[in-house]
Trainee: 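What follows is a single structure, and I will ask about it in a moment.
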Number of protein chains: 2
Amino acid sequence: MLQHLLEDHGLRATQPRLRLLEFFAGTRGHFTPEEIFGHLRAQGQPISIATLYQNLRTFSEHGLVKEMIGQEGEVRYDTNMEPHSHMVCVRCGRLTDIHVELPDLRPPAQGHGWLIMQTRVDFHGLCPECQARA
Amino acid sequence: MLQHLLEDHGLRATQPRLRLLEFFAGTRGHFTPEEIFGHLRAQGQPISIATLYQNLRTFSEHGLVKEMIGQEGEVRYDTNMEPHSHMVCVRCGRLTDIHVELPDLRPPAQGHGWLIMQTRVDFHGLCPECQARA
DNA sequence: TTACGTGCAAACGTTTTGCACAAAC
DNA sequence: GTTTGTGCAAAACGTTTGCACGTAA
């Protein structure tokens, strides 16, 4: 129950928050604030843009969504909290999550005194549709 | 000679462009437009903010600098045109280039019909200074 | 001399903030 | 009844644009 999810994080279960959570629960993807705003309005469940931004931040601070930076620098939110990699289509911009077994990718950095805690891998290429179109 | 570099790309050798190139030639790093603006002004060689943005775009379109998106979504420019990876300090934000031999990192994506053209690897961790401070 | 570049000021899109009001507990 | 959240309108932010003027070729 979405109401409980909020309560468990010490957040009040308000209409805008429930609508936002419902949106996230019903979709898979990585959305910009503007896209989310549009979806909610299209569903006849508009929330104020200020409230949207405030709650996206609140949610991400409480670990309900993950904030990420897109290839163009846009801020995007998704609910896949598992560590995962991305495939990005260089033509249409489509972004898909994938799970990759990372081999022990150890940079020579360890020799330079860095302590590497996380390795992030992104793949860029052409999605099936864009290949077909080319 | 910086003048020739511009001419070779069909660009006029103007004062602002020479100052900008001089800045890039004299530093190593990944700078935001604002940082570059500040450096130039501090050196007593200010250029207009509009001219700066216009030329950063022009330079990157002509392959003189590379535009990249930072961890926070900021736009940054650097002159290291070789393919390389980044190490980012999660505490102080310091960003260093490194060269990593990528093993044949092939995502299961090939099976999903994607054509992967490029793999980007970023390392996140603690730089030596921040480790010492902790 | 003519095309290109500069730089101001204004416009822009996105995100944040101040604050009075409303809703949740 | 007290605290928390909402939503408007305004501000802030980084970036882009229109345009008259300057300058490189």
Side-chain angles (χ1 to χ4, degrees), chain A residues 1-24 30-41 44-62 64-77 93, chain B residues 1-24 30-41 44-62 64-77 93:
Chain A
M1 235 243 188
L2 297 178
Q3 201 141 333
H4 284 69
L5 189 57
L6 289 169
E7 287 164 6
D8 290 352
H9 287 272
L11 299 171
R12 291 192 176 175
T14 65
Q15 278 293 331
R17 285 179 179 166
L18 290 170
R19 291 175 178 179
L20 194 43
L21 281 186
E22 209 169 320
F23 165 78
F24 279 123
H30 313 71
F31 302 95
T32 62
E34 203 188 338
E35 286 166 354
I36 299 169
F37 184 74
H39 277 266
L40 291 176
R41 197 186 32 190
Q45 307 230 314
I47 75 177
S48 145
I49 193 74
T51 302
L52 175 61
Y53 275 101
Q54 282 157 176
N55 281 316
L56 287 173
R57 170 181 290 186
T58 302
F59 284 5
S60 100
E61 284 170 356
H62 284 81
L64 294 174
V65 298
K66 190 150 74 179
E67 184 179 312
M68 57 164 288
I69 304 296
Q71 298 309 120
E72 253 59 53
E74 352 78 75
V75 178
R76 295 186 171 273
Y77 294 89
Chain B
M1 237 252 189
L2 297 178
Q3 201 141 333
H4 283 69
L5 189 57
L6 289 169
E7 287 164 7
D8 291 352
H9 287 273
L11 298 171
R12 293 194 174 172
T14 65
Q15 277 294 330
R17 285 179 180 166
L18 290 170
R19 290 175 179 181
L20 194 44
L21 281 187
E22 208 169 320
F23 165 78
F24 278 122
H30 313 70
F31 302 96
T32 63
E34 204 188 338
E35 286 164 355
I36 299 169
F37 184 75
H39 277 265
L40 291 177
R41 197 186 31 190
Q45 309 230 312
I47 75 177
S48 144
I49 193 74
T51 302
L52 175 62
Y53 276 101
Q54 283 157 176
N55 281 316
L56 287 174
R57 170 179 291 184
T58 302
F59 284 6
S60 101
E61 283 171 357
H62 285 80
L64 294 174
V65 299
K66 190 152 73 177
E67 182 179 313
M68 57 163 290
I69 303 295
Q71 298 307 120
E72 252 57 56
E74 352 77 75
V75 178
R76 294 185 172 273
Y77 294 90

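Numbers restart at 1 for each chain; the letters A, B, ... are given by sequence-line order, proteins then strands.
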Trainee: In whole angstrom, give the distance that lies between atom NE2 of His62(B) and atom C1' of dG5(C).
Mentor: 13 Å
Trainee: Applying side chain to side chain donor-acceptor pair (under 3.5 Å), can you list everything that pairs with Glu67(A), at least two apart in sequence or on another chain?
Mentor: Tyr77(A)
Trainee: Take the protein atom CZ of Arg76(A) and the nucleotide atom P of dT15(C), then report the distance between them rounded to whole Å.
Mentor: 11 Å
Trainee: Between dG5(C) atom P and Glu61(B) atom CD, what is the distance in whole Å?
Mentor: 12 Å
Trainee: Over 60° means perpendicular and under 30° means parallel, so tell me whether His39(B) and Phe31(B) are parallel, tilted or perpendicular.
Mentor: perpendicular
Trainee: With side chains defined as the heavy atoms from C-beta onward, is the minimum distance between Gln54(A) and Thr51(A) less than 4.5 Å?
Mentor: yes
Trainee: Under the rule for ring pair (Phe, Tyr, Trp, His ring centres under 6.0 Å), what residues qualify as partners of Phe37(A), not counting sequence neighbours?
Mentor: none
Trainee: How close or far is atom C1' of dT15(C) from atom CD of Glu35(A), stated in whole angstroms?
Mentor: 16 Å
Trainee: For DNA chain D, which nucleotides open and close the run of contacts to chain A, 5' to 3', at under 4.0 angstrom from a non-hydrogen atom?
Mentor: dT3(D) to dC8(D)
Trainee: For Pro33(B) and Gln3(B), take the nucleotide of DNA chain D holding the closest heavy atom to each; which residue's nucleotide lies nearer the 5' end?
Mentor: Pro33(B)
Trainee: Using ring pair (Phe, Tyr, Trp, His ring centres under 6.0 Å) as the criterion, list what pairs up with Phe24(A), not counting sequence neighbours.
Mentor: none
Trainee: Report yes if the side chains of Ile69(B) and Val75(B) come closer than 4.5 Å at any heavy-atom pair, otherwise no.
Mentor: yes
Trainee: Which of residues 46-56 of chain B sit near DNA chain C, with a heavy atom under 4.0 Å from it?
Mentor: Ser48(B), Ala50(B), Thr51(B), Gln54(B), Asn55(B)
Trainee: Quick one: side chain to side chain donor-acceptor pair (under 3.5 Å) partners of Gln45(B), sequence neighbours excluded?
Mentor: none
Trainee: Check DNA chain C against residues 4-20 of chain A and give the residues with a non-hydrogen atom under 4.0 Å, in numerical order.
Mentor: Arg12(A), Ala13(A)
Trainee: Using rotation axes that map the C1' atoms of four end pairs onto the next four (five pairs an end), what angle separates the end axes of the helix from dT1(C)-dA25(D) to dC25(C)-dG1(D), to 10°?
Mentor: 30°
Trainee: Compare every heavy atom of Leu56(B) with every heavy atom of Val65(B), then report the nearest pair and how far apart it is.
Mentor: CG2-O, 4.2 Å
Trainee: Within this structure, what is the CD1-CZ distance for the pair Ile36(A) and Arg19(A), rounded to the nearest 0.5 Å?
Mentor: 15.0 Å
Trainee: Enumerate the residue pairs fulfilling salt bridge (charged side-chain N to carboxylate O under 4.0 Å, His left out) with a member in residues 6-16 of chain A, sequence neighbours excluded, ordered by first and then second residue.
Mentor: none
Trainee: Go through the structure and list residues passing side chain to side chain donor-acceptor pair (under 3.5 Å) with Glu74(A), not counting sequence neighbours.
Mentor: Arg76(A)
Trainee: Determine whether Thr14(B) and Leu6(B) make a side-chain contact, defined as any pair of heavy atoms from C-beta on separated by less than 4.5 Å.
Mentor: no
Trainee: Can you check side chain to side chain contact (heavy atoms under 4.5 Å, CB included) on His9(B) and Phe59(B), steps first, answer last?
Mentor: CA-CA 9 Å; His9(B) 287 273; Phe59(B) 284 6; over 6 Å; no
